[in-house]
Amino acid sequence: MVNFKEDENLHVLNHSCAHMMAQAVKHLYPNAKFWVGPVVDEGFYYDMDLGDAVLNDEDIEKIEKEMKKIAKSGIKIYRREISKAEALEIFKDDPYKMDLLSNMEDGNISCYDQGDYTDLCRGPHVDNVKLCRNFKLVKHSGVYWKGDASNQVLQRVYGVCFPTPEELEAHLQLLEEAKERDHRKIGKDMNLFMSDDLVGRGLPMFLPNGYLVWQELENYIRTKEQKLGYQHVLTPCVGTVDLYKTSGHWDHYKENMFPPMEVEGESFVLRPMNCPHHMRIYANRPHSYKELPIRIAEIAHDFRFESSGTLKGIERGRHFCQNDSHIFVTPDQIKDEVKGVCDLIFSTYEDFGITDYRCVLSLRDPADTKKYHPDDEMWNKAEQALRETLNEIGIEYTEEIGEAAFYGPKLDVNVKPAIGNEITLSTCQLDFCLPAKFELTYIDADSEKKTPVVLHRAILGSIDRFMAYILEETKGNLPTWLAPVQVKILPIKNDDDELNEYVKKLKYALYDANVRVESDDRSEKFGYKMREAQIQKVPYIAVIGKKEAEEGNVSFRLHGEQETVTVKFDEFVEMIKEDIATKKH
RNA sequence: GCCGGAAUAGCUCAGUCGGUAGAGCACUUCACUCGUAAUGAAGGGGUCGUCAGUUCAAGUCUGAUUUCCGGCUCCA
């Protein structure tokens, strides 16, 4: 997928197209005021104040038409350097431009003229509107001015622009294909999960096939963690409100929690995360520095009252199972342990063939005193420690201000789903805050009580979200070890006793090897059964006819490939076992 | 939560000017026993998301509501 922001030519072209769109909007809505119209990874957009007008799909078509007219006119685009005084005069009727100008310095201001439209802009732009003719407006939305829900709503229109009609067409094709990869569509097609109005919004349920995949993922990560010294626990999905008041989560996140249940004078909530439970497990008995690091892990069921507009299949629901762990360390152990977590993250990605990810060092915004635990010294120490460790390990990352958790900085590993915004798959968070709040201690070598440091980390993130991502990456063609049905046996005939015996023998040999196998002995045409097995995305489709039975062979098709391969019976069973054991992708 | 769009059979969708519901797939039954992506025939299946309103008459028009979709905000 092209990146409009990084490709310089596309960047200039799309930015110019945003201006052309603004010009068209100005023609149709003479009172329109314009906020910003930047190029983003997926194209361009412009945020506009159209007074009381609210755009719908039809209006977008009208704007497209007007844009085509402008592009056809072939008017030229001119750059003009202007003084701040001039700028303030030109845009005096536009409060949005005045707002922008208030932060700009004299001598560094330019604007662009194209026919009857002038816009404040740094540029550069193409020199003629006709170069912007291969465009498409792809979506629109109401957005809060400056992203603040207390501000007025502006109209945002997104578009894309390309040098040639062929490139535009190819891009639109890609957008269509992304819809086919959407995990919600795959989940429905493959009977993996469902949702139900009566159960409730944002509460997806895993069907038998989906739960098989889910269990494989759970077993995979638990086994991996066990080898690394993680100790798995099971804790309840509810806790007292006081538990979350102690941790500080209550103050920061209560509006995103299911509201409290009052029972016998006590107040409980469904838990939105597991840190407090794990803190209390640590506090269950005294600890020596010799025991640390202590790695408490849990595939933990959590509930968050996410805003209705943010729900998205199993990628973001109101219940999910976190692949969570809290690691209690001494300050000296931070680096080694963060390194260990990073190694675990990247070895997991290797197992799944995930290569397209982005690491972010998420820091606090010191100006946002409300969101973050107020202790400058603690933050400086934590951020510095995490940054140093990442540098030492040699991880490439970008720093982002204001993305930290309220209790500490974190390393986030983000990926891009088929549709929508980047999501965080893995995280490793450094926390000097909660251990103190829970008054956790260990006895150090000098017999003094000290406060441990906690690493919060998730590798698969949540099992649910990871499954969504892996479905989209593989387009539902899961690797054999994850596939709900791993082998489908198709007998050529189903009324031949000898053949049936042979099919049964193969089936039981595979059962004995712990392979998920099904045979399709319905009295349907062979081609029909083959088609159905292909649609179900079964990795191995074994074809058994007279020929195979007589020669002790198995013919099979692998993962949608057209060719059929024939091997010996035992060889086939061994091959599948090997495939599953090595988690080949 | 906010802005816009959508909702018709299990699934994908058609339904014209308001006149009482349609296809393909799936399902059931029967026949066919088949060599690599759809065998044929017959049959069952719908309070047109829900609640109001307008009308002689509403899947179709109006309002509210629920859910879903695209964005925005949020994401411990």
Side-chain angles (χ1 to χ4, degrees), chain A residues 42 45 47 54-60 138-158 179 182 184-185 188-189 191 194-198 200-202 244 247-257 271-276 302 304-313 316 322 324 371 403-408 410 412 419-424 427 429 431 434 456 458 461 465 490-496 499 521-535 541-548 555-557 560-564:
Chain A
E42 304 83 23
Y45 70 77
D47 284 352
V54 174
L55 296 176
N56 61 30
D57 294 356
E58 266 176 48
D59 299 326
I60 298 298
V138 287
K139 53 199 175 193
H140 60 96
S141 166
V143 301
Y144 303 116
W145 184 46
K146 294 187 176 179
D148 186 335
S150 59
N151 283 339
Q152 70 272 37
V153 172
L154 305 179
Q155 299 295 308
R156 175 178 295 180
V157 179
Y158 289 86
K179 285 183 197 162
D182 189 327
R184 289 165 294 189
K185 179 171 165 46
K188 201 176 206 173
D189 290 348
N191 283 315
M194 62 172 281
S195 57
D196 180 78
D197 289 357
L198 196 54
R201 194 182 208 184
Y244 292 95
S247 68
H249 286 102
W250 184 251
D251 286 339
H252 287 274
Y253 296 105
K254 64 170 173 292
E255 64 286 355
N256 285 316
M257 291 162 71
R271 70 168 168 197
M273 85 293 296
N274 324 296
C275 336
D302 292 338
R304 296 180 182 178
F305 195 77
E306 302 281 10
S307 307
S308 57
T310 65
L311 302 172
K312 193 180 170 199
R316 191 159 172 192
Q322 258 194 333
D324 203 9
K371 181 172 171 186
E403 295 294 316
F406 78 85
Y407 46 72
K410 52 185 186 165
D412 285 331
I419 290 175
N421 298 329
E422 209 177 54
I423 50 172
T424 297
T427 187
Q429 313 175 351
D431 177 8
L434 296 189
H456 305 236
R465 172 174 289 189
L490 304 185
I492 300 279
K493 295 171 67 156
N494 75 343
D495 62 351
D496 179 326
L499 208 58
D521 47 14
R522 294 173 304 170
S523 67
E524 294 290 349
K525 288 276 189 288
F526 182 76
Y528 176 87
K529 292 199 243 185
M530 176 57 84
R531 177 170 191 273
E532 203 168 74
Q534 295 279 9
I535 289 170
I541 301 171
V543 175
I544 302 299
K546 211 171 169 185
K547 223 163 62 188
E548 284 77 12
S555 298
F556 68 95
R557 260 200 200 195
E561 283 173 20
Q562 297 300 316
E563 262 176 274
T564 303

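So you know, we letter chains A, B, ... as the sequences are listed, proteins then strands, and number each from 1.
Using a 4.5 Å heavy-atom cutoff, the side chains of A:H456 and A:M273 are not in contact.
Rounded to a whole angstrom, the distance from the C1' atom of B:A23 to that of B:A14 is 7 Å. Taking atom C1' in both B:A52 and B:U66, one finds a spacing of 15 Å when rounded to whole Å. One C1' atom belongs to B:G49, the other to B:A41, and the distance between them is 36 Å to the nearest Å. For the P atoms, the distance from B:G59 to B:U54 is 16 Å, rounded to whole Å. Nucleotides B:G53 and B:A58 are separated by 12 Å at their P atoms, to the nearest Å. Spacing of P atoms, B:U50 relative to B:U60, comes out at 11 Å, to the nearest Å. Remark: the separation of the P atoms in B:G35 and B:U28 is 24 Å, to the nearest Å. Taking atom P on both B:C69 and B:C30, the two are 41 Å apart, rounded to the nearest angstrom.
Ring geometry, A:F406 versus A:H252: the interplanar angle falls under 30°, so the pair is classed parallel (tilted spans 30 to 60°).
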Counting primed atoms plus P, OP1 and OP2 as sugar-phosphate and everything else as base, spell out the protein contacts along nucleotides 68-76 of chain B at 4.0 Å heavy-atom distance: B, S or - for each nucleotide, 5' to 3'. SSBBBBBBB
Along nucleotides 34-52 of chain B, 5' to 3', which nucleotides get a B, which get an S, and which get a -, given that the test is a protein heavy-atom distance under 4.0 Å? BBBBBB-------------
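Atom CG of A:D47 is separated from atom P of B:C3 by 16 Å (rounded to the nearest Å). In this structure, A:Q155 atom CD and B:G5 atom P are separated by 11 Å, rounded to whole Å.
Put simply, the side chain of A:D251 never gets that close to the backbone of A:G248: no donor and acceptor are under 3.5 Å apart. The main-chain N or O of A:R522 is found under 3.5 Å from a side-chain atom of A:K529 such that the two form a donor-acceptor pair. Distance alone, capped at 3.5 Å, is enough to place a donor-acceptor pair between the A:K312 side chain and the A:I419 backbone. Within the 3.5 Å criterion, the main-chain N or O of A:P272 finds a donor-acceptor partner in the side chain of A:R304.
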Nucleotide pairing, RNA chain B (Watson-Crick or G-U, distances under 3.5 Å), in dot-bracket with [ ] and |: (((((((..((((.....[..)))).(((((.......))))).....(((((..]....))))))))))))....
Please test A:H140 against A:D57 for side chain to side chain contact (heavy atoms under 4.5 Å, CB included), starting from the C-alpha separation and ending with a verdict. CA-CA 8 Å; A:H140 60 96; A:D57 294 356; 2.9 Å; yes
Side chain to side chain contact (heavy atoms under 4.5 Å, CB included) assessment of A:I541 paired with A:M530: CA-CA 8 Å; A:I541 301 171; A:M530 176 57 84; 4.0 Å; yes
One pair to check against side chain to side chain contact (heavy atoms under 4.5 Å, CB included): A:Y144 and A:V153. What are the steps and the verdict? CA-CA 4 Å; A:Y144 303 116; A:V153 172; 4.0 Å; yes
Using the salt bridge (charged side-chain N to carboxylate O under 4.0 Å, His left out) rule, take A:D148 and A:K146 through it: C-alpha gap first, then chi angles, then the decisive distance, then the call. CA-CA 5 Å; A:D148 186 335; A:K146 294 187 176 179; over 6 Å; no
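Within the 4.0 angstrom heavy-atom criterion, no nucleotide atom of any strand lies near A:L154.
Applying the 6.0 Å contact sphere to CD of A:E563 captures no more than 12 heavy atoms from other residues, nucleotides or ligands.
Glycosidic torsion of B:C69 falls outside 90° of 0, placing the base in anti.
Note that CD of A:Q429 is 10.0 Å distant from CG of A:L434, once rounded to the nearest 0.5 Å.
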